[in-house]
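Report on the structure given below.
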Amino acid sequence: MNKLRMGIIGVGGIAQQRHIPVFFKLQDKVTITAVHDLNESRAREVAEKNRIPHVFVDDYKEMFHEVDAVTICTPNKFHAEIVIAALEAGKHVLCEKPMAISVEECEAMVEAAKKNDKVLSIAYHYRHKKQAQAAKLAMASGEVGDPLVTRVQALRRRKVPGWGVFTNKELQGGGSLIDYGCHLLDLSLWLLGNPEPVEVMGRTYNRLSKQPNQVNEWGSFDHETFDVDDHVTSYITFENGSSLLFECSWSANIKEDKEHLSISGVNGGIDVFPFELYQAKNGMLLNTQAQTILGEDDAGIPQAQNFIDACLGQAELVVKPEEALKVTKIIEAIYQSSETGRSVRLSK
Ligand SMILES: NC(=O)c1ccc[n+]([C@@H]2O[C@H](COP(=O)([O-])OP(=O)(O)OC[C@H]3O[C@@H](n4cnc5c(N)ncnc54)[C@H](O)[C@@H]3O)[C@@H](O)[C@H]2O)c1
């Protein structure tokens, strides 16, 4: 295979802002041959603007004759069905995050990838950010040692996504946690070496966004139909004895947005955004900052590059479907814990 023939299903915001421009930058290895969207005029407009030869509007399965791989950018509810159909048709799949709404769906997706021996990856692009790559190397070097406590804060002050269907529970499966917090959960698990979660306690909130006339920087939304979480806290323990303190929000009453991931280990600690290493040696407390971190600023590029190379059999996949399934296990447990008021045990 010279070039991977790529199809895109759902050509709204993320397809146009990230995937299409990135695939164009990598055109020595990939060519976009087809698009599908339920919104016919959008599908035709995107195809025309980007000179994509095939447009399918009635049934996404029609595109499978024209592609070797597909990128799925529909609302979350449709991820599982479309991913499984593409895998069954013998196509490789890059699916937007979150993998799907439920653990059951994710398990079926993992099975379909195995059964058809095709690549399935999830667009957890935070792993490809330069700081995240530096943090992964620091974790592997032993400078942090066994992790003890991980702290995550993925907080936006007043930025509920007012476009698309982000505030619709039926179509998205949740709000700030499944949409934004999932990135930092995925990144944490990857940096920690994919530990098994044991117990999850969670609380979700949406009182703020249920009030009328919200000041919101990312467009307006209907407070009456808003039925997802806008703020979530959680405490997660792992089989290796470490724990993760988690908080995410689309709309917190705080001074400013904050994206924080720190790991405190037996030998040292790291902050990821921006990268910094904390050590105690030679009678000193040392803080090491990066002057420069080499690599791409746009994490979408290495993400696409790795997916394409994995499809061509030239690289090991960075975001494996079994790992993305674990993120959804924790998300589902947080929602369940909040509903029941009890912690959820995921393993012994
Ligand atoms: N990786 C990231 O950081 C990131 C950022 C934004 C969105 N996303 C994810 O991408 C996905 C799409 O988000 P978006 O912001 O592009 O949304 P969007 O609403 O802008 O676009 C979704 C598109 O899918 C189309 N669509 C809806 N249902 C469909 C179906 N059943 N079949 C085919 N097309 C359908 C819509 O017409 C629309 O054009 C979501 O899963 C979201 O979580 C990821």
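Every heavy atom of this structure was used, including side-chain atoms; hydrogens, water molecules and symmetry mates were not. In this chain, numbering begins with 1 at the start of the sequence shown. Remember, it's 1-based here, ligands and their atoms both numbered in the order they're listed. Since the model is a prediction, treat every value here as computed from it, not as a measurement.
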Distance-only, no hydrogens or angles: does the [X] side chain make a donor-acceptor pair with backbone N or O of [Y] under 3.5 Å?
{"X": "D298", "Y": "G300", "value": "yes"}
{"X": "N216", "Y": "V160", "value": "yes"}
{"X": "S338", "Y": "T204", "value": "yes"}
{"X": "D179", "Y": "F166", "value": "no"}
{"X": "Q16", "Y": "V11", "value": "yes"}
{"X": "R42", "Y": "D37", "value": "no"}
{"X": "K118", "Y": "V93", "value": "no"}

Looking only at protein heavy atoms, which one is nearest to [atom], and what is the separation?
{"atom": "atom 9 (C) of ligand 1", "result": "K97 O, 3.5 Å"}
{"atom": "atom 8 (N) of ligand 1", "result": "E96 OE1, 3.8 Å"}
{"atom": "atom 34 (N) of ligand 1", "result": "L38 N, 3.5 Å"}
{"atom": "atom 22 (C) of ligand 1", "result": "C73 O, 3.6 Å"}
{"atom": "atom 21 (O) of ligand 1", "result": "G12 CA, 3.3 Å"}
{"atom": "atom 15 (O) of ligand 1", "result": "F166 CZ, 3.3 Å"}
{"atom": "atom 41 (O) of ligand 1", "result": "N76 OD1, 2.6 Å"}

Flag if over 12 foreign heavy atoms under 6.0 Å of [atom1], [X]:
{"X": "Q214", "atom1": "CD", "result": "yes"}
{"X": "D117", "atom1": "CG", "result": "no"}
{"X": "K136", "atom1": "NZ", "result": "yes"}
{"X": "K210", "atom1": "NZ", "result": "yes"}
{"X": "H65", "atom1": "NE2", "result": "no"}

Considering distance alone, does some N or O of [X] sit under 3.5 Å from an N or O of ligand 1?
{"X": "I14", "result": "yes"}
{"X": "G13", "result": "yes"}
{"X": "D37", "result": "yes"}

Worksheet entry | S262 and R151: side chain donor to acceptor below 3.5 Å |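 Distance-only check passes for S262 and R151.
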
At less than 4.0 angstrom from any non-hydrogen atom of [X], what atoms of ligand 1 do you find?
{"X": "G164", "result": "19 (O)"}
{"X": "H36", "result": "32 (N), 33 (C)"}
{"X": "N39", "result": "37 (O)"}
{"X": "R42", "result": "37 (O), 38 (C), 39 (O)"}
{"X": "A123", "result": "1 (N)"}
{"X": "G10", "result": "24 (O), 34 (N)"}
{"X": "P75", "result": "24 (O), 26 (N), 27 (C), 28 (N)"}

Of all the heavy atoms in [X], does at least one lie under 4.0 Å from an atom in ligand 1?
{"X": "Y124", "answer": "no"}
{"X": "H183", "answer": "yes"}
{"X": "R18", "answer": "yes"}
{"X": "H79", "answer": "yes"}
{"X": "V165", "answer": "no"}

Worksheet item: Which atom pair, heavy atoms only, marks the closest approach of H79 to I72?
Response: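 Looking at all heavy atoms of both residues, the shortest contact is CD2-CG2, 4.3 Å.
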
Item to complete: Would you indicate which of T74, I122, I8 comes nearest to atom 35 (C) of ligand 1 when only heavy atoms are counted?
Response: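 Considering heavy atoms of T74, I122, I8, the nearest to atom 35 (C) of ligand 1 sits in T74.
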
